[in-house]
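A short worksheet on the structure shown next.
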Amino acid sequence: MKTHWYKNAVIYQIYPFSFMDSNNDGWGDIGGIISRLDYIKDLGVTAIWFSPLYKSPDCDYGYDISDYRDIDEKFGTMRDFERLLDECHKRELKVIMDMVINHTSTEHPWFKEAVSDKNSKYRDYYIIRQGRREKGKLLPPSNWASTFTGSAWERIGDSDEFYLHLFCREQADLNWENPEVRKEMADILNFWMDKGVDGFRFDVFNMFSKVYPIRDDDSKKTFQKGAKFFVDGPRMHEFLKELSGNSLSLYDSFSVGESFHPSRENALEYVKEENRELDAIFNFAHLDSDNIGGMKFFRKPFDLLQFKKGLFEPQKDNYGAGWNTLVLENHDNPRSVSRFGIDTEHFRYEAATLLAAVCFLGFGTPFIYMGEELGLTNTRFNNIDEMKDPVSHFVYDLMKHYGMPGGLAFRFIRYGARDHARVPMAWDGTVNGGFNNGHEPWQGSDRSYRQINAEKDLASDRSVYRFYQKVIRLKKENEAAIWGRTEEYAHSSKKIIAYSREYKGEMLFVAANFSKKNVSFDLPEWVSGADLLINNYEGFDKAGKAVSFQPYQVLVFDKRFD
Ligand code: TEU
């Protein structure tokens, strides 16, 4: 019986490589996570989403799985995982696992057998096609491009055949047309839910279905060659309904999908409750408001109107039909307080608290990425070799390949790199920020943990963590904050973001100045006499209905109209 617990939940994401290293080998691990569960519980969150913990050769740091039913030894054992599950549930923290089933690692036994035995049943677990010969040259089956640069096809040995990989060449796409593959996936989900896991985050779910027969993409304008043949494919809704029917709907589970450039129509269809596909999906449109065309490395001046459109559109579309998610950071994005044109140096606390209130009091379930609750900033990497993410290196090499000087290419990469989210967590000012007892971490950081860390923040009277506790408590206890319809105000303002949440005669009003200068904004009539619940400054300057908002000031009011 589904209780829809996620509708009144706040979810915390852990990237296990970088959270806490309990055996001092430089890699975060399950023992380390267990040692910090009270820190997470005290924040007030309801559930933890763990990025992949499964066996993986780490070409894409866990998002290339070689065994879906086992834990990678660097994180611990299956026994350790069961202890983690137990410790979480003891603290009434639900556990959400990351499920990467658009592709497997090429180290997965299925793939190894698929490419070594033409008659193996596993050959049809992947998308393997004959190459084309043009002027004697062997070309890939189609002109589809990988998301991580280059062709999406990799030749199998010296044969004329290729396998499809929409990400790294070490991540081979699964053939979801094959009912055996779909059954394998349902069985894997049930394996973990039988253990007590409460839900899943599905990696790039809307790429499962491809258009066949496979052919070239002749579109002139596309963000990725072939996308029209593998994004929101023709059998997506059928596959999700089947997966839900054979697994998710059999448990009180929660399912959230990471979508890859979904159409607005499909984004709604995936989450419509009557469709029984997914409970929610991630929408990232607002996170492209400081880059060109969704390419995080190509910076542009922050556009608050684009940010607001990306934040509010899904709230309006999904209200009354499905559920929504609210996210600013994850393991694929730089730190939010270091983006969006924010003057981080002078207003890190104000901006970090503004982002939390403005984003998480919207309609939907908030997702907080580890360290966001401390207002952690981007890392000052000195050169590309200090970065571990394959995408940073792929794009850096590509820029150099097209003649861009290394220094310039590095500056582009540094702005939008995923690496910023993957440096060790800053717990205190000791060696490696308290991530471990001194062993060099798998991914180095820039020692800013000496200034910004959990210990310092919790001891401060301007604590981002404590502000998050307040916002999370309001989000979980205020009916309008949970169930309310969102109505946007100041739609065309390039400095002010404001909206109300209305539910059964209760109104919440959130207003903020998303700039580094004072801005005056008239509060709506109905706000007069409302209770002020949140203010990230001491007091506020009001004359009549006009409030002079200080840089990155956010105010949250509540009013009951009985
Ligand atoms: O991300 C999919 C995705 O779209 C991002 O990779 C995005 O393209 C990337 O950040 C480009 O900068 C998911 C996972 O979240 C990501 O960590 C994996 O690398 C990817 O899928 C492949 O599994």
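Count residues from 1 along the sequence. Every number for a ligand or one of its atoms is a count from 1 in the order of the listing. The structure presented is a predicted model; accordingly, all values stated were derived computationally and were not measured.
Ion pairing between Glu161 and Arg129 fails under the 4.0 Å rule for side-chain N and carboxylate O.
Listed by chain and residue number, the protein contacts of ligand 1 are Asp60, Tyr63, His103, Thr147, Phe148, Phe167, Gln171, Arg201, Asp203, Val204, Glu258, Phe260, Lys296, His331, Asp332, Arg418, Arg422 (heavy atom within 4.0 angstrom).
Looking at residues two or more places apart in sequence or on another chain, you find a side chain to side chain contact (heavy atoms under 4.5 Å, CB included) between Ala421 and Tyr369. Under the side-chain hydrogen bond (donor to acceptor under 3.5 Å, both in side chains) criterion, Lys309 pairs with Glu313, sequence neighbours left out. A search for salt bridge (charged side-chain N to carboxylate O under 4.0 Å, His left out) contacts involving Lys94 returns nothing, not counting sequence neighbours.
For the pair Ile384/Ser392, a side-chain contact is recorded, criterion being any heavy-atom separation below 4.5 Å from C-beta on.
A cation-pi arrangement is absent between Arg235 and Trp176 under the rule of less than 6.0 angstrom and at most 45 degrees off the ring axis.
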